[in-house]
Peer 1: 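Sending over a structure as structure tokens; questions will come in a sec.
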2 protein chains.
Amino acid sequence: MDSTDWALLTELQADARLSYSELSRRVHLSPPAVAERVRRLEQTGVITGYHAHVDRAKTGWSVLAMIRMSCYGPRCVLRDPQVAQWPEILEIYRITGDACSLLKVAAGSMDAFERVIDQLAPYGRPSSTMVLSTPLNWRPVTSADPESLDTIEHE
Amino acid sequence: MDSTDWALLTELQADARLSYSELSRRVHLSPPAVAERVRRLEQTGVITGYHAHVDRAKTGWSVLAMIRMSCYGPRCVLRDPQVAQWPEILEIYRITGDACSLLKVAAGSMDAFERVIDQLAPYGRPSSTMVLSTPLNWRPVTSADPESLDTIEHE
DNA sequence: ACTGAAAAATTCGGGGG
DNA sequence: CCCCCGAATTTTTCAGT
């Protein structure tokens with residue numbers, strides 16, 4: 001993981017469809033060298049995938065919510081692999097605190113969202129918070145030192 | 001947005017680096033037809049971008065947390081565009097409830113995480129929840145009816 | 001939306017620092 | 001080991017239909 005690898009990660013996080021040729025121009029390396037580095041980043045698991053991001057509101061999923069689940073022991077959502085398959089469940093986090101998990105959930109309407117809650121209720125007590133807007137949707141991993149928090153980094 | 005567009009969205013969400021040729025084979029269309037459809041999905045904002053996903057733990061950002069911010073009115077984190085620039089802040093949601101926002105935050109260690117909390121404190125009272133693990137990191141947008149919640153969808 | 005040709009990118013093999 | 005070069009193959013793009 002040298003600075004060239006980081007440059008490639010930065011470019012591919014910003015635009016995953018860049019060609020090896022274009023990448024080679026941006027990091028000042030030959031296309032085969034770029035291809036080899038990228039494949040190594042994929043194989044070592046640094047790059048976990050390349051994904052098109054889709055506007056959920058434009059595709060009918062206009063309701064977004066965070067649901068903290070306080071589960072009934074063995075019936076926990078974390079123990080049922082089926083829950084992770086529901087199209088409404090976008091992300092699942094196991095967390096510290098009173099609740100055992102936090103779910104990011106999408107639905108087409110409040111009516112549909114209510115039905116998701118009803119489906120979750122058998123697993124535990126759901127506590128919902130609606131998302132009004134998303135000022136920051138996603139941030140790429142940066143090469144900034146994860147240990148430091150210089151104000152310079154934030155300028 | 002017909003079924004071919006949805007097929008393209010499904011493929012590109014699973015692998016954003018698929019070539020138009022490969023896509024054309026999968027959706028049974030010619031490469032130029034695929035290219036035109038994809039460009040239309042980009043221009044209408046259905047596809048918001050293509051992003052390489054990077055393993056945060058493998059790149060030094062091993063600590064992940066959710067922070068609910070109860071802000072001091074005008075000093076709210078939502079009002080300071082600088083906060084969205086911090087490399088530690090991954091996502092920002094404006095939410096309903098007691099807190100005004102929910103932040104997804106990464107750091108290299110608990111020490112570094114503590115410094116993030118200190119940086120956030122001037123904006124309001126932060127309430128942190130640590131993420132122990134992430135059983136589901138990301139789910140693609142599906143063509144499932146956002147209004148329905150058939151058990152069939154979940155089988 | 002398809003065809004077909006030109007331009008560009010990818011992928012090999014082989015060799016150098 | 002990592003990188004570059006150059007040729008063969010594949011892909012992209014653009015014209016016309």
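Quick note on labels: first sequence line is chain A, next is B, and so on, each numbered from 1. If you're wondering where the values come from, they're calculated on a predicted model, not measured in any experiment.
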Peer 1: May I ask you to check if B/Arg79 and B/Tyr72 form a cation-pi contact, with NZ or CZ under 6.0 angstrom from the six-membered ring centre and within 45° of the axis?
Peer 2: no

Peer 1: Counting only heavy atoms not in A/Arg94, do more than 12 sit closer than 6.0 Å to its CZ atom?
Peer 2: no

Peer 1: Flag the pair A/Val54 / B/Pro140 as yes when at least one side-chain heavy-atom distance between them is below 4.5 Å, and no otherwise.
Peer 2: no

Peer 1: Taking atom CZ as the centre, does A/Arg37 end up with more than 12 heavy-atom neighbours from other residues, nucleotides or ligands that are less than 6.0 angstrom away?
Peer 2: yes

Peer 1: Going 5' to 3' along DNA chain D, which are the first and last nucleotides with any atom under 4.0 Å from a heavy atom of chain B?
Peer 2: D/dT11 to D/dC14

Peer 1: Looking at B/Arg56 and B/Ala106, would you say the former's side chain and the latter's main chain have a donor-acceptor pair under 3.5 Å?
Peer 2: no

Peer 1: Is the backbone of A/Val141 close enough, under 3.5 Å, to the side chain of A/Gln13 for a donor and an acceptor to pair up by distance?
Peer 2: yes

Peer 1: Hey, are the side chains of B/Arg115 and A/Glu147 touching, using non-hydrogen atoms and a 4.5 Å cut-off?
Peer 2: yes

Peer 1: Between protein and nucleotides 8-13 of chain C, what N or O pairs are separated by less than 3.5 Å?
Peer 2:
{"from": "C/dA9", "atom 1": "OP1", "to": "A/Arg25", "atom 2": "NH2", "distance (Å)": "3.3"}
{"from": "C/dT10", "atom 1": "OP1", "to": "A/Tyr20", "atom 2": "N", "distance (Å)": "2.9"}
{"from": "C/dT10", "atom 1": "OP2", "to": "A/Tyr20", "atom 2": "N", "distance (Å)": "3.1"}
{"from": "C/dT10", "atom 1": "OP2", "to": "A/Ser21", "atom 2": "N", "distance (Å)": "2.7"}
{"from": "C/dT10", "atom 1": "OP2", "to": "A/Ser21", "atom 2": "OG", "distance (Å)": "3.0"}
{"from": "C/dT11", "atom 1": "OP1", "to": "A/Arg39", "atom 2": "NH2", "distance (Å)": "2.9"}
{"from": "C/dT11", "atom 1": "OP2", "to": "A/Arg39", "atom 2": "NH2", "distance (Å)": "2.6"}

Peer 1: Counting only N and O atoms by type, is there a donor-acceptor contact under 3.5 Å from the side chain of B/Arg17 to the main-chain atoms of A/Ala16?
Peer 2: yes

Peer 1: Rounding to a whole Å, what distance do you find between B/Glu36:CD and C/dA1:C1'?
Peer 2: 8 Å

Peer 1: Quick one: does A/Thr134's side chain have a donor or acceptor within less than 3.5 Å of a partner on A/Asn137's backbone?
Peer 2: no

Peer 1: Does the structure place the NZ or CZ of A/Arg26 under 6.0 Å from the centre of the six-membered ring of A/Tyr20, at an angle of no more than 45° from the ring's axis?
Peer 2: no

Peer 1: Return the angle between end axes of the helix from C/dA1-D/dT17 to C/dG17-D/dC1, with five pairs used per end and rounding to 10°.
Peer 2: 40°

